[in-house]
Amino acid sequence: MKKRVKKSYNIYYGIIIGVVLILSVAGFFLFQNNISGMVTSSGEYVEDSFIQSALILELPEIHNYFFHSREYFPEEGRYNLNIRYNQEEGYSQKSEFLIYIYSNPLDSSEMNSWANIPPFNFAIKTINGNKILEGSSTTSSGLVQRQVSWISNNVKITGWNGDDEGLIVDNNLFDALTIAYLEKYPSTYNPSSSTNSQSQKNCIDSDPKDGMIKYKGKTYENKCSGVKLTEYYCDSKGKKKSRKIYCDNGYCDEGRCVQANFDLTNLKCYDEDNKNEFNAGKTFKISHPSRKGFYISKVYEDSCLKNGKLQEYYCDSKGRVKNQKITCENECKDGRCVIPNEELSVAAIKISLKEFSLARIEEKITNLMSNHPNTDLIITPEYLLFGAGFYGVDYRNDPVIVNCHNNLCNINSIGTQKSNEIIEILDRLKNIARENNINMVFGTIAERVVVDQNNFVVDTQLIIDKNGNIIGKHAKYDVVYSSEVSCDDNPSLCQNVRDLNLETARTFILKDKENSDFEILPLICGEKITQEYIDRLVNKNAYLVVGSDFDVDFNYEAITQNIQNGNNPFENPIPNSGDALLKDIFLNRWINNKVIKQDSYLLAADSGIPTAGIVSWNMNKIKDLDITNDYTYGKITIEK
């Protein structure tokens, strides 16, 4: 119930530069007592006054606060605002409130489904004439944690009285905040009549994401006509309305505009898998309308024919879409020729920033390799050589320079002691990879980038192959730090840095102990919920995601163990829990957008708890699972 994705770098990021950068699974938070602007997922700028007016920031009981996330989803017409109220010193959250603001009125029936969900024993309560839901649960530390929820026309409010671990509660602050939010957002939650509320409304848009509305008992679904989208919505008076949207720089598919993850300029044709029969891809025919702009006029998707052959689409030398029928050596499946499944040995290192040192991580990797010398791949958590001020560890003013060319990266110091320290640790890790014939995704380092002659520092994973070569990097989309530039004063410049980070989002090919190829998709913490990151990776159909986290929201070890015991943590997750959020991120958004396969895996290491796990979205048990204080190890079967 109480867990959230903690975009944890921003807590310390905010201490240094006093700004808040928004997301996506993946925003982070900030200590501050003033409001800064927010850049939305579409790159639009949200005025500070909107944030100021939407949240409760001034009460005698409030000593400090920080933002967990501030996001806007323009296609859904929804703002997500999440504020955490904390003590004056350190990070000790005492209450948290989430405000979801929709473009259309909400239906109370959504709240009723929460009333019977254990263990919080939700019940209807009246405060100052407002009906709300309130639930409570006793934590392992013996404290009673409370949650309240209600609807106010087009706003849904949820709050609770403590921290994420159930170690702190503050009922005085929580009660004062609940009353204040009820004054700002009076409850329109009406449980006695909510079961009939839909029939009483002329126009219902119960879920802006599903692309449909109900008007006078009839369903209207968004539809595509060429490159134009017809979108239906309910106006403020409960009337059915529609609008035509021209899907610039993309195409219309299944009732929504899909943005291209490549530059359409001066292209006639684009084949996303470059005529690779082992990847299922799309080939796009690109048109140039008379008005300014480009769009995709037709999409051709690789497919398996009834005779078992693959129909592979591609672009010829003149920019025309062509297709070729290919007989697969094994079989054709999901629009590609597949290679027989392979067993891969993987491990996630369990280490916190508090204990991190070269000697400590060497010890953990040595213990892993002693017990499982066949390991093909390991992942380490976020911030190990970035820090952002966690526990006094901070490399942001001492970054390194990463230059990559032709699948080989060189790391150079900027000449400071800490920058040299990063080089020393990476050199030893490269030797460990080579000595043990093991691939490694190291998370994460402080990397310096220069944009318009300004220095920035980004949060970067390094991909190290089993020969000890750094073959690539992945920079976290929304971490942009600079001691020279304010992102509040230069939002477009900082967005340019984020765009450069986004260009590093891709898959990488590594080789296992048998020298067979396997593919990974690197991921860093909160970008898992960032729409730009998801859009960039649409149709990648990855089988193995490797995630470096600094978080306390997802206990990957517990999730792995639950699945191993035959329990599905995502079947009926507690609303707003970490399990519920992971379900929404991966089983809904990632799989629906074909970023990953249904039968894919997440290998994750988190320095926040710390925890480490191997999560199967198909609920497959992990072979030879071994969970220790140093690592989580197991064997998985993936398609190649």
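Residue numbers count from 1 along this sequence. Computed over heavy atoms, backbone and side chain alike; hydrogens, waters and symmetry mates excluded.
- Taking the side chain as every heavy atom from C-beta outward, Leu510 and Ile463 approach each other to under 4.5 Å.
- Nearest heavy-atom pair, Ile464 versus Ala433, reported as atom, atom and distance to 0.1 Å: CG2-CB, 3.9 Å.
- In terms of heavy atoms, Asn439 sits closest to Asp465 at OD1-CA, 3.3 Å.
- No donor-acceptor pair closer than 3.5 Å links the side chain of Ser616 to the backbone N or O of Tyr601.
- The NZ atom of Lys364 sits 12.0 Å away from atom CD1 of Ile378, with the distance rounded to the nearest 0.5 Å.
- Although no hydrogens or angles enter the test, the distance criterion places no donor-acceptor pair under 3.5 Å between the side chain of Ser136 and the main chain of Val144.
- Gln311 places none of its side-chain heavy atoms less than 4.5 Å from the side chain of Ile326.
- Ion pairing between Glu435 and Arg428 holds under the 4.0 Å rule for side-chain N and carboxylate O.
- No more than 12 heavy atoms of other residues, nucleotides or ligands sit less than 6.0 Å from atom CD of Glu514.
- Here the straight-line distance linking atom CD1 of Ile425 with atom CZ of Phe356 works out to 4.5 Å at 0.5 Å rounding.
- Checked by atom type and distance alone, the side chain of Ser607 never pairs as donor or acceptor with a backbone atom of Pro610 at under 3.5 Å.
- Rounded to the nearest 0.5 angstrom, Glu527 CD and Tyr533 OH are separated by 5.0 Å.
- The residues Lys597 and Asp334 are annotated as salt-bridged, a charged nitrogen and a carboxylate oxygen being separated by less than 4.0 angstrom.
- Using modelled atom types and a 3.5 Å distance limit, the side chains of Asp551 and Tyr556 yield no donor-acceptor pair.
- Annotation for Asn565: atom CG counts as buried by contact number, over 12 foreign heavy atoms lying within 6.0 Å.
- Shortest non-hydrogen contact noted between Asn588 and Asp584 is CB-O, 3.2 Å.
- Here the side chains of Glu312 and Asp273 are in contact, with some heavy-atom distance below 4.5 Å.
- In the model, Asn437 has no side-chain atom that pairs as donor or acceptor with a side-chain atom of Lys511 under 3.5 Å.
- With a 4.5 Å cut-off on side-chain heavy atoms, Gln93 and Trp160 count as touching.
- Atom OG1 of Thr632 sits about 5.0 Å away from atom CD of Glu557, to the nearest 0.5 Å.
- Atom CG of residue Leu544 and atom CG of residue Leu603 lie 6.0 Å apart, to the nearest 0.5 angstrom.
- Within the 4.5 Å cutoff, the side chain of Trp617 has heavy atoms near those of the Leu602 side chain.
- Proximity of Gln461 to Glu382: side-chain heavy atoms (C-beta onward) are nowhere separated by under 4.5 Å.
- Between Tyr477 and Arg536, every side-chain heavy-atom pair lies at or beyond the 4.5 Å cut-off.
- With Asp579 contributing its side chain and Phe570 its backbone, the two residues share no donor-acceptor pair below 3.5 Å.
- The backbone N or O of Tyr313 sits less than 3.5 Å from a side-chain atom of Thr283, completing a donor-acceptor pair.
- Distance alone, capped at 3.5 Å, is enough to place a donor-acceptor pair between the Gln564 side chain and the Ile622 backbone.
- Checked against the 2.5 Å cut-off, the SG-SG distance between Cys332 and Cys304 falls under it.
- Remark: the backbone N or O of Phe278 is paired with a side-chain donor or acceptor of Arg336 at under 3.5 angstrom.
- Remark: the backbone N or O of Ser345 is paired with a side-chain donor or acceptor of Asp376 at under 3.5 angstrom.
- Met440 contributes atom CE, which lies 10.0 Å from atom CD1 of Ile379 (distance to the nearest 0.5 angstrom).
- Here the side chains of Ile627 and Lys350 are in contact, with some heavy-atom distance below 4.5 Å.
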Report the C-alpha separation of Arg146 and Glu134 in whole Å, then their side-chain angles, then the decisive distance to 0.1 Å, and conclude whether the salt bridge (Lys or Arg N to Asp or Glu O under 4.0 Å) test is met. CA-CA 7 Å; Arg146 298 160 55 203; Glu134 177 167 331; 3.0 Å; yes
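- For Asn469 (side chain) and Ile471 (main-chain N/O), no donor-acceptor pair under 3.5 Å exists by modelled atom type.
- Put simply, the residue from Asp606, Thr560, Asn555 that forms a side-chain hydrogen bond (donor to acceptor under 3.5 Å, both in side chains) with Thr611 is Asn555.
- Side chain to side chain, Arg434 and Asn431 meet the donor-acceptor criterion of an N or O pair below 3.5 Å.
- Using a distance-only test at 3.5 Å, with no hydrogens or angles considered, a donor-acceptor pair links the side chain of Asn501 to the main chain of Lys476.
- Defined by atom type and a distance below 3.5 Å, a donor-acceptor pair is present between the side-chain atoms of Thr158 and Ser149.
- Heavy atoms only, all atoms of each residue included: Ser600 and Ala542 are closest at CB-O, 3.4 Å.
- With Thr444 as reference, Asp459 is the one residue of Asp459, Asp549, Thr380 to meet the side-chain hydrogen bond (donor to acceptor under 3.5 Å, both in side chains) rule.
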